[in-house]
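Read through the structure below, which is laid out as structure tokens, and then see the notes.
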Amino acid sequence: MKAIASHNGLAAAQRAYELASTGSSPLDACVAGVALIEDDPEELTVGYGGLPNEDGVVELDAAVMDGRLHRGAGVAALQKVRHPAQVAQRLMEQTTRALLVGEGALRFAQANGFPEENLLTDKARRMWLYWKRTRSNFDDWRRPAADETDLDVEHWFATRFYGQAAREGRHGTVHCAVQGPTGDLACTTSTSGHAFKLAGRVGDSPILGAGLYVDNEAGTCGSIGHGEANLTHLSSFAAVELMRTGLSPVDAGLELLRRIAAKTPEHERDENGRPKFNLQLFLLHHSGAHAGVAMWGPKQIAVCDEQGGRLEDCTPLYER
Ligand code: ASP
């Protein structure tokens with residue numbers, strides 16, 4: 001038995017492990033684990049408190065996949081509902097469909113009694129406003145004056161958004177995968193997507209095969225980072241298929257990162273020809289072996305098994 005998650009999902013992995021070891025299905029366990037992160041207002045990339053799109057509206061993407069049934073579903077650009085992974089699970093369980101977007105996803109959530117709320121926290125609103133006021137000198141917005149200093153927000157933009165070529169502050173998502181006591185696998189990925197994205201932009205997280213994939217006889221893979229790279233490589237599907245052919249989780253993950261790096265478009269490469277963006281894959285082999293890999297290290301993966309919960313280093317393709 002084991003649960004793995006993205007670095008921001010240690011609490012999710014621990015909760016999922018605990019639930020799976022006390023009788024919950026692997027899917028129920030990982031969705032309940034991820035709900036802790038979706039609820040956290042300080043997590044700026046997932047659920048309630050996630051950074052909004054360029055219009056200041058929080059739009060969430062999530063998907064689930066159940067290895068025992070080989071079924072899955074996703075919801076995309078969902079507004080007002082803080083637990084998109086639960087909505088995706090309900091879609092998988094109650095309908096014959098696998099993907100709902102926008103208004104239709106919201107109506108489905110409403111029909112199922114999910115509470116609606118404003119997901120934009122005051123902190124996320126201040127960050128969005130700062131972004132609008134600093135991104136260009138050629139629009140109607142004036143830069144914050146010295147007496148308007150918002151230290152937290154300015155520090156975040158200086159170090160994580162404007163300060164790095166990779167703009168990692170735009171990235172973030174939570175992924176969690178579980179192998180239950182009978183060996184069945186399940187996983188979920190949940191995100192508010194790239195900060196300040198185009199309204200209606202859908203990333204990899206709600207797309208089966210891109211942001212997550214499970215095959216009970218091979219393994220699971222889920223990803224966080226630059227979603228468009230996963231969409232064009234179907235990274236999670238491809239990594240699981242590589243494990244099926246006999247590659248270890250770490251070799252399957254690194255092979256995907258190499259493929260992505262080799263085909264990265266020119267405008268997304270740095271001066272040395274390497275991808276400017278980051279991307280992490282979290283893999284769990286059906287044998288129970290796991291690995292986290294990152295385009296750019298150092299990065300971490302959360303793991304929970306009989307030895308307890310912990311963060312381990314991902315294997316990087318490149319190091320900063
Ligand atoms: N993969 C997510 C997306 O592209 C965001 C992220 O993990 O950074 O929407």
Side-chain angles (χ1 to χ4, degrees), residues 4-9 12 34 37-38 40 43-47 49-55 57-65 74-79 84-85 88 99 101-102 105 119 124 127 131 156 160-161 164-177 187-213 220-239 253 256-257 260 264-265 268 275-283 292-297 299-302 314:
I4 62 166
S6 44
H7 66 281
N8 55 349
V34 153
I37 317 302
E38 293 171 330
D40 181 357
E43 173 49 78
L44 296 171
T45 67
V46 181
L51 290 172
N53 66 19
E54 68 174 12
D55 297 338
V57 178
V58 180
E59 291 192 330
L60 304 178
D61 295 342
V64 298
M65 194 158 177
V75 291
L78 173 65
Q79 298 180 10
L99 185 59
V101 305
L119 300 178
M127 294 186 76
W131 171 75
W156 186 87
R160 307 224 35 221
F161 195 81
Q164 278 188 29
R167 295 198 167 179
E168 289 206 34
R170 289 192 85 180
H171 289 320
T173 291
V174 64
H175 171 75
C176 181
C187 66
T188 181
T189 302
S190 181
T191 190
S192 50
H194 281 198
F196 321 126
K197 62 194 176 184
L198 289 171
R201 178 263 185 184
V202 172
D204 58 322
S205 309
I207 307 299
L208 304 177
L212 77 175
Y213 190 72
T220 79
C221 180
S223 182
I224 74 172
H226 186 48
E228 282 69 10
N230 283 335
L231 286 166
T232 50
H233 291 265
L234 281 183
S235 311
S236 293
F237 170 76
L256 249 294
L257 294 180
I260 292 169
T264 293
E268 289 179 333
K276 286 191 216 167
F277 54 81
N278 212 343
L279 194 65
Q280 286 156 260
L281 301 177
F282 307 100
L283 305 100
V293 298
M295 186 69 82
W296 288 97
K299 289 287 172 191
Q300 292 183 308
I301 175 174
C314 290

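Atoms within a ligand are numbered from 1 in the order they appear, just like the ligands themselves. This chain uses plain numbering: 1 for the first residue, then up along the sequence.
Considering both main-chain and side-chain atoms, Gly193 never comes within under 3.5 Å of ligand 1 through any nitrogen or oxygen pair. Looking at Arg201 next to ligand 1, an N or O pair under 3.5 Å apart turns up. Checked by distance only, ligand 1 and Gly203 stay at 3.5 Å or farther apart across all their nitrogen or oxygen atoms. For the pair Asp204 and ligand 1, the shortest N or O to N or O distance falls below 3.5 Å.
Of the inter-residue distances, the one linking Ser235 atom OG with Tyr213 atom OH reads 14.0 Å to the nearest 0.5 angstrom. The OG atom of Ser192 sits 7.5 Å away from atom CD of Glu43, with the distance rounded to the nearest 0.5 Å. Note that OG of Ser223 is 11.5 Å distant from CG of Leu234, once rounded to the nearest 0.5 Å.
For ligand 1, the atoms closer than 4.0 angstrom to any heavy atom of His171 are 8 (O). The atoms of ligand 1 that sit less than 4.0 Å from any heavy atom of Gly225 are 1 (N), 2 (C), 3 (C), 4 (O), 5 (C), 6 (C), 7 (O), 8 (O). Short contacts between ligand 1 and Thr173, defined as distances under 4.0 Å to a heavy atom of the residue, involve ligand atoms 1 (N), 2 (C), 5 (C), 6 (C), 7 (O). Close contacts of ligand 1 with Ile224, meaning ligand atoms under 4.0 Å from a residue heavy atom, involve 7 (O).
Looking only at protein heavy atoms, the nearest one to atom 8 (O) of ligand 1 is Gly172 N, 2.6 Å.
Residues Met295 and His226 have side chains not in contact (no heavy-atom distance under 4.5 Å, counting atoms from C-beta outward).
One finds a salt bridge joining Arg201 and Glu228 here, because a Lys/Arg side-chain nitrogen approaches an Asp/Glu carboxylate oxygen to under 4.0 Å.
Heavy atoms of Gln280 found under 4.0 angstrom from ligand 1: none, in either backbone or side chain.
Nearest approach of Asn230 to Leu281, heavy atoms of both residues: OD1-CD2, 4.4 Å.
Every heavy atom of Lys197 sits 4.0 Å or more from the atoms of ligand 1.
Counting only N and O atoms by type, the side chains of Gln280 and His175 include no donor and acceptor under 3.5 Å apart.
Relative ring orientation between Trp156 and Phe161 is described as parallel, the plane-to-plane angle staying below 30° on a 0-90° scale split at 30° and 60°.
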